[in-house]
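Take a look at the structure below.
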Amino acid sequence: MSELYRLTVREASAALTAGELTSVALTEALLARMSAVEPTVQAFLTKTGEQALAAARIADAERRPDHGPLHGIPLAIKDVICTEGVRTTCGSAILETFVPPYSATVVQRLEAAGAISLGKLNCDEFAMGSSTENSAYHVTRNPWDPERVPGGSSGGSAAVVAASMAPASLGTDTGGSIRQPAALCGVSGLKPTYGRVSRFGLVAYGSSLDQIGPLAWTAADLALVLQVIAGHDSRDGTSAATPVPDYTAALTGDVRGLRVGVPREYFVEGMEPGVEAATREAIAVLAAQGAELVEVSLPYTKYALPTYYIIAPAEASANLARFDGVRYGPREQGESMWEEIELTRGRRFGAEVRRRIMLGTYALSAGYYDAYYKRAQQVRTLIKRDFEQVFAQVDVLAAPTSPTVAFKVGQRLDDPLAMYLSDVCTLPINLAGVPALVVPCGFSEGLPVGLQLIGRPFEEATLLRAGDAYQRLTDWHTRRPTL
Ligand code: GLN
């Protein structure tokens, strides 16, 4: 087997089960790949190669036929997810030295399933951004063109897969942070239904919007990771008790009769023609497989961006209040406790995070609360109703993910609004709490484009079935960048 680092989770898992591959050999191949391409891509903030090799040796020694498909499989984790004993920075200088005393539920579940962590991945500071340029540490590069951003905020999570340094990763998605980078890096990614995956141990950004989800090459691989991380967790009060179906069993390859809504508002003004063309072609492939296309409308879509940029910063401003230099991470020296807090927050939060804290505090302050925060919550309800209404007519929605392909590093840095516009097609989904899958569906100007499939609450299985059926007929998910 040459180029072990290119194996998908499913392929690696089959080879491990058949005794044709060891976890040590696979881990070594990925670490060698990392040495070769990580200097260009810079997906990682913390590498745990030694620990990974030690875990791989144990996995090989303990291997039993009844082990699940992730046993002995290396993957990597976005740095907003707590890992016991391994530094977790959230891409922020304020957590430069923070080592969590416990692991997030998702990490515990992956470990229990035998998966191995290669390290922690770069992201925009506290997941605020769409390009990974807001990291306090370095910019991650798009493996398809290192002059360009990988998207964000889970840019490291998408780039690590696209660069074949890990067959899968975990990201988080508050307004598009799994889906937009997946699209821009030509990989698959899933934002589960709000409540499907435990947020315990995820450093909160917008608590009513955040979800952890997997990135990998194929929908079939996403199904394997979701299977392990999904399910109720008593330590997360918003975690749902809804039973977890068998996601792999749902991959029948059959989309005949599936009603696919094409929401007209998602083909936004300013969308690149190559992105629109690839998206529409992908939708035509689903139709050719027997899906039934229906044009639909979600009229409140245009309010999603302003609504999100009230609610997410409001929640962020409250969530980030805990970072004061006293309880977590480093502390700046000052004359008094208050001065130390001021200096720590003033110096160690980056510009975008400070902007969000100010926006959020303003929107929540007395006198403005009703005009901004309360109004935004009311509009959120209308956006949610849009989805309830279309899902009475159709089973899934098919739409673009990002209106553009990956942009150049630095290009949108001085224009926060242009950056916020990256997420017009993904934000409404988080406001409604529904799940969405992205699969690679072509290229525009040599750069990847992703198709977004949006589903009813807790119907991830339907999305994965449609995404997998699409991947059985297309080969976009098999294209690899030359690095
Ligand atoms: N880009 C959006 C923001 O900056 C979404 C980020 C995310 O999903 N974490 O808030």
Side-chain angles (χ1 to χ4, degrees), residues 77-81 90-92 121-136 140 149-158 169-185 189-194 197 199 202-215 304-320 349-360 363 376 380 401-404 406-407 412-413 415-436 438 450 452 454:
I77 296 163
K78 184 178 181 180
D79 210 23
V80 291
I81 299 171
C90 298
S92 180
L121 299 165
N122 198 20
C123 55
D124 287 299
E125 186 175 1
F126 289 105
M128 297 174 191
S130 307
S131 67
T132 314
E133 291 166 295
N134 294 338
S135 167
T140 295
V149 302
S153 65
S154 311
S157 308
S169 64
L170 289 186
T172 65
D173 192 312
T174 306
S177 276
I178 289 174
R179 292 162 287 154
Q180 185 257 18
L184 270 44
C185 288
L190 177 76
K191 184 207 85 82
T193 311
Y194 185 77
V197 174
R199 292 183 298 111
L202 163 64
V203 179
Y205 161 19
S207 313
S208 75
L209 303 157
D210 299 337
Q211 269 293 289
I212 298 170
L215 294 93
L305 190 95
T307 302
Y308 175 88
Y309 277 100
I310 298 289
I311 293 174
E315 294 182 5
S317 70
N319 279 326
L320 297 184
F349 278 140
E352 184 60 31
V353 172
R354 293 202 303 273
R355 175 166 27 241
R356 306 275 179 115
I357 292 173
M358 286 188 275
L359 279 171
R380 181 177 187 174
T401 308
S402 156
T404 70
F407 43 94
R412 292 191 189 166
L413 268 188
D415 187 351
L417 198 57
M419 194 70 95
Y420 295 176
L421 283 170
S422 293
D423 304 315
V424 277
C425 299
T426 50
L427 303 168
I429 285 84
N430 301 74
L431 289 167
V434 298
V438 167
Q452 180 175 215
I454 306 157

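As the structure lists them, so they are numbered: ligands from 1, and atoms in each ligand from 1. Below, all heavy atoms of this structure are taken into account, side chains as well, without hydrogens, waters or symmetry copies.
- The side chain to side chain contact (heavy atoms under 4.5 Å, CB included) search around T307 returns Y303, I311, A376, V379, R380, I383, L431, not counting sequence neighbours.
- With sequence neighbours excluded, the residues that form a side chain to side chain contact (heavy atoms under 4.5 Å, CB included) with Y205 are A127, M128, T174, D210, Y308, A312, A316, R356.
- The shortest heavy-atom contact between T132 and G151 is OG1-O, 2.7 Å.
- For ligand 1, the 4.0 Å heavy-atom shell contains residues A127, M128, G129, S130, S153, D173, T174, G175, G176, S177, Y205, Y308, Y309, R356, D423.
- Here the closest non-hydrogen pair linking Q452 and A436 is OE1-CB, 3.8 Å.
- A donor-acceptor pair is defined here as one N or O able to donate and one able to accept, closer than 3.5 Å; no such pair exists between the side chain of S169 and the backbone of I77.
- Pairs of residues two or more places apart, or lying in two chains, that qualify as salt bridge (charged side-chain N to carboxylate O under 4.0 Å, His left out) and include a residue from residues 172-182 are D173-R179.
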